[in-house]
A.B. asks: 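Got a structure for you, written out below as structure tokens; questions coming shortly.
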Amino acid sequence: MSFLDQVIPLPYAKDALAPHISQETIEFHYEKHHKGYATKLNELSQTETALQGKTVEEILLNFKGKAFNLAAQVWNHNFYWQSLSPNGGGQPTGKLAEAINKTYGSFDKFKAEFNAQAVNHFGSGWVWLVREKDTNDVKVVSTHDGANPLTDNLYPLLTCDVWEHAFYIDYRNNKASYMDHFWNVVNWQLAESRLL
């Protein structure tokens, strides 16, 4: 089994998120970076045969080092593409809105915290809206490099990729502008479905 088979097909056309995320960005991000992690994981599995037959989630939960980093990046990117939608944006409703308001007091305060963690994130990584498995409360967390909240017993609802390859073509080093545009394509419907 090739790990490329675990790279999800994009759930929309490559130009569908424009003007917020350009077709050029998605072509590089999805075809070169996302698929590149899966290709490198295939190569690694030729020498680390314990990886063969595993899902990327099994690897990120049970392995360390290079195997973890590559598998987590495949999983994280799958999740990122699903966190976006050409019909997204606006604000969450229903149980997700209630959960955000319970933790942060308002959507605006939540958004400010999410933006602050994204813009101020040093180096490469991800910002997540997660659900605590024990309490069902939601919170914003950031992770470095390929790290994933599943390893901390947190259930991801939404993510934003803050590696430079996610925004540099469109926004150069202006991460704040990327974040302004990110909110126009957030897939709140899917995020709420993950709340349970």
Side-chain angles (χ1 to χ4, degrees), residues 1-18 20-46 51-63 66-89 92 96 114 118 124-131 141-152 154-170 178 181-196:
M1 170 178 68
S2 169
F3 289 107
L4 281 165
D5 296 336
Q6 295 185 48
V7 171
I8 66 163
L10 279 174
Y12 32 75
K14 289 179 182 173
D15 63 353
L17 302 180
H20 309 294
I21 301 174
S22 70
Q23 179 175 344
E24 184 181 9
T25 288
I26 290 182
E27 285 174 350
F28 273 93
H29 196 173
Y30 179 74
E31 297 293 343
K32 303 290 185 190
H33 293 278
H34 189 181
K35 288 184 177 178
Y37 296 120
T39 298
K40 289 176 183 172
L41 192 55
N42 279 336
E43 293 167 3
L44 184 63
S45 72
Q46 298 307 304
L51 301 173
Q52 294 175 6
K54 299 274 193 287
T55 66
V56 291
E57 186 168 324
E58 288 171 330
I59 295 169
L60 79 85
L61 290 172
N62 297 293
F63 289 77
K66 188 174 184 180
F68 168 85
N69 289 328
L70 294 171
Q73 284 293 77
V74 173
W75 195 101
N76 293 354
H77 280 87
N78 283 344
F79 196 81
Y80 174 67
W81 302 124
Q82 294 173 73
S83 292
L84 306 175
S85 170
N87 302 312
L96 182 56
F114 197 102
S124 301
W126 301 83
V127 179
W128 309 80
L129 176 63
V130 298
R131 172 177 61 83
V141 299
S142 61
T143 59
H144 286 280
D145 302 324
N148 182 294
L150 290 172
T151 61
D152 293 321
L154 298 170
Y155 186 77
L157 306 175
L158 172 75
T159 196
C160 182
D161 187 344
V162 292
W163 286 64
E164 278 196 342
H165 64 239
F167 60 87
Y168 199 83
I169 289 171
D170 296 332
Y178 165 61
H181 284 267
F182 168 78
W183 296 108
N184 292 299
V185 290
V186 170
N187 189 347
W188 290 117
Q189 188 173 15
L190 191 60
E192 182 170 6
S193 74
R194 295 173 176 142
L195 187 59
L196 303 178

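Every value quoted in this text rests on a predicted model; they were computed, and no experiment measured them.
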A.B. asks: Test side-chain contact (heavy atoms from CB on, under 4.5 Å) on L154 and W128 and set out the steps.
C.D. replies: CA-CA 10 Å; L154 298 170; W128 309 80; over 6 Å; no
A.B. asks: Regarding N76 and N148, do their side chains bring together a donor and an acceptor under 3.5 Å, going by distance alone?
C.D. replies: yes
A.B. asks: Indicate the atoms forming the closest heavy-atom contact of L60 with A71, along with that distance.
C.D. replies: N-CB, 4.2 Å
A.B. asks: Is the count of non-hydrogen atoms from other residues, nucleotides or ligands lying under 6.0 Å from E31 atom CD greater than 12?
C.D. replies: yes
A.B. asks: Could you tell me whether the side chain of F68 reaches within less than 4.5 Å of the side chain of T151, counting heavy atoms only?
C.D. replies: yes
A.B. asks: Does any part of the side chain of D161, heavy atoms only, come nearer than 4.5 Å to the side chain of H29, both counted from C-beta?
C.D. replies: yes
A.B. asks: Using 30° and 60° as the class limits, which term best fits the ring planes of W183 and W188: parallel, tilted or perpendicular?
C.D. replies: parallel
A.B. asks: Would you check, one step at a time, whether the test side-chain contact (heavy atoms from CB on, under 4.5 Å) holds for F3 with L70?
C.D. replies: CA-CA 10 Å; F3 289 107; L70 294 171; over 6 Å; no
A.B. asks: Donor-acceptor pair, N187 side chain versus Q82 backbone, under 3.5 Å?
C.D. replies: yes
A.B. asks: In Å, rounded to the nearest 0.5 Å, how long is the span from OG1 of T159 to CG of N78?
C.D. replies: 12.0 Å
A.B. asks: Is it true that the side chains of D170 and H20 contain a donor and an acceptor less than 3.5 Å apart?
C.D. replies: no
A.B. asks: Out of curiosity, L84 CG to N184 CG, how far, rounded to the nearest 0.5 Å?
C.D. replies: 11.5 Å
A.B. asks: Quick one about H34 and W81 (side-chain donor to acceptor, distance below 3.5 Å, no hydrogens or angles considered), yes or no?
C.D. replies: yes
A.B. asks: Can you name the nearest heavy-atom pair linking C160 to F114, along with the distance?
C.D. replies: CB-CE2, 3.7 Å
A.B. asks: State, yes or no, whether a side-chain contact exists between P149 and W126 at a heavy-atom distance under 4.5 Å.
C.D. replies: no
A.B. asks: Taking the side chain as C-beta and beyond, is there a heavy-atom pair between H181 and I21 under 4.5 Å?
C.D. replies: no
A.B. asks: Going by ring-ring contact (aromatic ring centres under 6.0 Å, His included), name the residues that satisfy it together with H144, two or more places apart in sequence or in a different chain.
C.D. replies: H121
A.B. asks: Locate the shortest heavy-atom distance separating L157 from F79; write the atom from each residue and the value.
C.D. replies: C-CZ, 3.6 Å
A.B. asks: Given the rule in the side-chain contact (heavy atoms from CB on, under 4.5 Å) test, do F182 and V162 qualify, once you have shown the distances and angles that lead to the verdict?
C.D. replies: CA-CA 11 Å; F182 168 78; V162 292; over 6 Å; no
A.B. asks: Closest approach of L17 and P86, non-hydrogen atoms and distance?
C.D. replies: CD2-N, 3.5 Å
A.B. asks: Looking at side-chain heavy atoms only, is the closest gap between L129 and L96 below 4.5 Å?
C.D. replies: yes
A.B. asks: Is Q6 reaching over with its side chain to a backbone N or O of W75, donor-acceptor style, under 3.5 angstrom?
C.D. replies: no
A.B. asks: Pair H165, F28 - check side-chain contact (heavy atoms from CB on, under 4.5 Å), show working.
C.D. replies: CA-CA 8 Å; H165 64 239; F28 273 93; over 6 Å; no
A.B. asks: Testing the basics here: between K54 and F63, what is the closest heavy-atom pair and its distance to 0.1 Å?
C.D. replies: CE-CE1, 4.3 Å
A.B. asks: Can you tell if the side chain of N69 reaches within under 4.5 Å of the side chain of Y37, non-hydrogen atoms only?
C.D. replies: no
A.B. asks: Taking atom CG of L190 and atom OG of S85, what is their separation to the nearest 0.5 Å?
C.D. replies: 9.0 Å
A.B. asks: Contact between Y30 and H33 at the side-chain level, heavy atoms closer than 4.5 Å - yes or no?
C.D. replies: no
A.B. asks: Show the nearest heavy-atom pair for residues S83 and R194, with the distance to one decimal.
C.D. replies: OG-NH1, 3.8 Å
A.B. asks: Hey, does the side chain of R131 reach the backbone of Y155 with a donor-acceptor pair shorter than 3.5 angstrom?
C.D. replies: no
A.B. asks: Can any side-chain N or O of Q23 pair as donor or acceptor with the backbone N or O of K14 at less than 3.5 Å?
C.D. replies: no
